[in-house]
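See structure below.
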Amino acid sequence: MRLRIFTEPQQGASYDDILAVAQATETLGFDAFFRSDHYLAMGDHVSGLPGPTDAWTTLAGLARETERIRLGTLVSSVTYRPPGILAIQVAQVDQMSKGRVELGLGTGWFEQEHLAYGIPFPAKRFGMLEEQLEIVTGLWETPVGQTYSFAGEHYTLADSPALPKPSQARVPVIVGGGGAKRTPALAARFATEFNLPFPEFADIPGKFAGVRRACEAVGRDPRELVYSTALIAVAGADEAEFARRAAAVGREPGELREHGIAGTTSEIVDRLGALAEDGVECVYLQIMDLADLDHLDFIAREVVPQLG
């Protein structure tokens, strides 16, 4: 099982804060550093200071200041960037990182941040997501010297040179969500990874089964997809340390144990083992306190060696 570090910088983090976590992620041996793509803090327990950082600007910086870890978004919103611009940004950051970028793309959901920064927020966005996935992957796959055109309900591209190209032959694309039909169908068509964000544990096997059926329906081997989940992670050497870290992120210990990767070492190892049995191949550990680098060290030192 691969463990990835997933952050929410909109809750309050400078680029230097994010860089420290990313470099710790690399030093400690985790597989990847991912961040959310949001522009407004959520909840009353944080101020959001010093203000939001742009996801792809951040990842461009990290591409030059890390060497090994994968870098990506979980997930970028289709409302923020036209697909042609997004394809250029991701391809450029992939070049800057020498082929370490992954793109998570979704419909977006947080209307208030759109209002706060003047970003249009259409009521129906799933069609935008479908077209963006087709356009972005189509631009990357267009051979050099040829052009790409697209005419859809939401976007039109005419004779695009479809440049630049990413360093990777195929940038991994992550599609996720809990929908029963449309999201699995999109994952089957466009994704290299299907992600379940913050699911109920009992729902995971059924959701993955739905994606496998969607793959089979379009003649794709379901084993081509990576099956992942994102869950909050709060760990401690003992109950007191766990409770302290839970309080620092405004969560209750019991609730965290019910919904996250939480508790002492043995509890976390058991939870990850159960997830593996349910078909989870990769876990995004949502780390909310970016100042607590000892937390990452603890997980790397005490949990990872027991995963086998």
Side-chain angles (χ1 to χ4, degrees), residues 6 8-11 34-43 52-59 72-91 93 101-141 148-158 160 171-199 203 207 210-211 214-215 217-218 225 228-230 284 286:
F6 168 44
E8 304 274 3
Q10 77 279 353
Q11 298 299 88
F34 272 61
R35 61 156 293 164
S36 60
D37 195 356
H38 284 294
Y39 293 117
L40 197 66
M42 304 171 194
T53 49
D54 179 77
W56 286 101
T57 303
T58 297
L59 294 174
T73 52
L74 203 64
V75 293
S76 289
S77 171
V78 296
T79 57
Y80 295 158
R81 305 167 187 90
I85 299 299
L86 179 64
I88 291 169
Q89 288 178 313
V90 177
V93 178
V101 159
E102 304 187 13
L103 171 63
L105 192 61
T107 59
W109 60 271
F110 192 20
E111 183 176 11
Q112 185 57 43
E113 69 185 340
H114 292 73
L115 295 172
Y117 286 98
I119 305 167
F121 188 69
K124 295 183 179 180
R125 302 177 302 284
F126 200 90
M128 295 171 63
L129 175 60
E130 184 173 11
E131 289 189 15
Q132 284 212 15
L133 286 165
E134 184 165 347
I135 292 166
V136 169
T137 56
L139 287 167
W140 291 338
E141 292 168 0
Y148 176 85
S149 297
F150 179 88
E153 179 181 352
H154 303 281
Y155 306 102
T156 299
L157 285 74
S160 171
V171 172
V173 173
I174 303 165
V175 172
K181 292 184 178 179
R182 297 177 75 185
T183 300
L186 278 190
R189 286 180 61 195
F190 298 109
T192 52
E193 177 177 332
F194 175 75
N195 180 265
L196 273 178
F198 312 106
D203 293 341
K207 297 292 186 183
V211 175
C215 287
V218 296
L225 277 178
S228 68
T229 188
Y284 293 79
Q286 185 195 44

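All values derive from a computational prediction rather than experimental measurement. Along the sequence shown, residues are numbered consecutively beginning with 1. Values reported hereafter were calculated over all heavy atoms of this structure, with side chains retained and with hydrogens, waters and symmetry mates removed.
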Could you tell me the separation between the [atom1] atom of [X] and the [atom2] atom of [Y], rounded to the nearest 0.5 Å?
X      : Y      : atom1 : atom2 : answer
Gln11  : Leu40  : CD    : CG    : 9.0 Å
Leu129 : Ser77  : CG    : OG    : 9.0 Å
Tyr284 : Glu193 : OH    : CD    : 3.5 Å
Cys215 : Leu225 : SG    : CG    : 4.5 Å
His38  : Thr53  : NE2   : OG1   : 12.0 Å

Quick check: closest heavy atoms across [X] and [Y], and the distance to 0.1 Å?
X      : Y      : value
Ala230 : Leu74  : CB-CD2, 4.0 Å
Val171 : Glu102 : CG1-CA, 4.2 Å
Phe6   : Glu8   : CZ-OE2, 3.4 Å
Phe194 : Gly177 : CZ-O, 3.3 Å
Pro199 : Thr229 : CD-OG1, 3.2 Å
Pro172 : Val101 : CD-O, 3.5 Å

Check: [Y] and [X] side chains under 4.5 Å, non-hydrogen atoms:
X      : Y      : result
Pro9   : Ser36  : yes
Tyr117 : Pro52  : yes
Leu196 : Asp203 : no
Phe190 : Leu105 : no

Is a side-chain N or O of [X] found less than 3.5 angstrom from the main chain of [Y], in a donor-acceptor match?
X      : Y      : value
Trp140 : Ala87  : yes
Thr192 : Val173 : yes
Glu131 : His154 : yes

Residues Tyr80 and Glu113: side-chain donor-acceptor under 3.5 angstrom
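Short answer, yes.
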
From CA spacing to verdict: side chain to side chain contact (heavy atoms under 4.5 Å, CB included), Asp37, Arg81
CA-CA 11 Å; Asp37 195 356; Arg81 305 167 187 90; 2.7 Å; yes

May I ask you to decide if the ring planes of Phe121 and His114 are parallel, tilted or perpendicular, using 30° and 60° as cut-offs?
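The rings of Phe121 and His114 sit tilted, inter-plane angle from 30° to 60°.
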
Hey, are Glu130 and Arg189 close enough for a salt bridge, meaning a charged N less than 4.0 Å from a carboxylate O?
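Looking at Arg189 together with Glu130, the answer is yes, because their closest N to O distance falls below 4.0 Å.
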
List the steps and the verdict of side chain to side chain contact (heavy atoms under 4.5 Å, CB included) for Phe126 and Leu186.
CA-CA 10 Å; Phe126 200 90; Leu186 278 190; 3.5 Å; yes

For Pro197, what residues pass the side-chain contact (heavy atoms from CB on, under 4.5 Å) criterion, not counting sequence neighbours?
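Applying side-chain contact (heavy atoms from CB on, under 4.5 Å) to Pro197 gives Asn195.
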
Can you sort out the partners of Pro82 under side-chain contact (heavy atoms from CB on, under 4.5 Å), two or more places apart, ordered by chain and number?
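side-chain contact (heavy atoms from CB on, under 4.5 Å) list for Pro82, sorted by chain: Ile85.
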
What do the steps show when you test Met128 against Tyr155 for side chain to side chain contact (heavy atoms under 4.5 Å, CB included), and what is the final call?
CA-CA 8 Å; Met128 295 171 63; Tyr155 306 102; 3.3 Å; yes

Please evaluate residues Thr73 and Leu103 with respect to the criterion side chain to side chain contact (heavy atoms under 4.5 Å, CB included), reporting the C-alpha separation (whole Å), side-chain torsions for both, the decisive distance (0.1 Å), and the verdict.
CA-CA 6 Å; Thr73 52; Leu103 171 63; 4.0 Å; yes

For Thr58, side chain to side chain donor-acceptor pair (under 3.5 Å) partners two or more places apart:
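Residues passing side chain to side chain donor-acceptor pair (under 3.5 Å) with Thr58: Arg35.
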
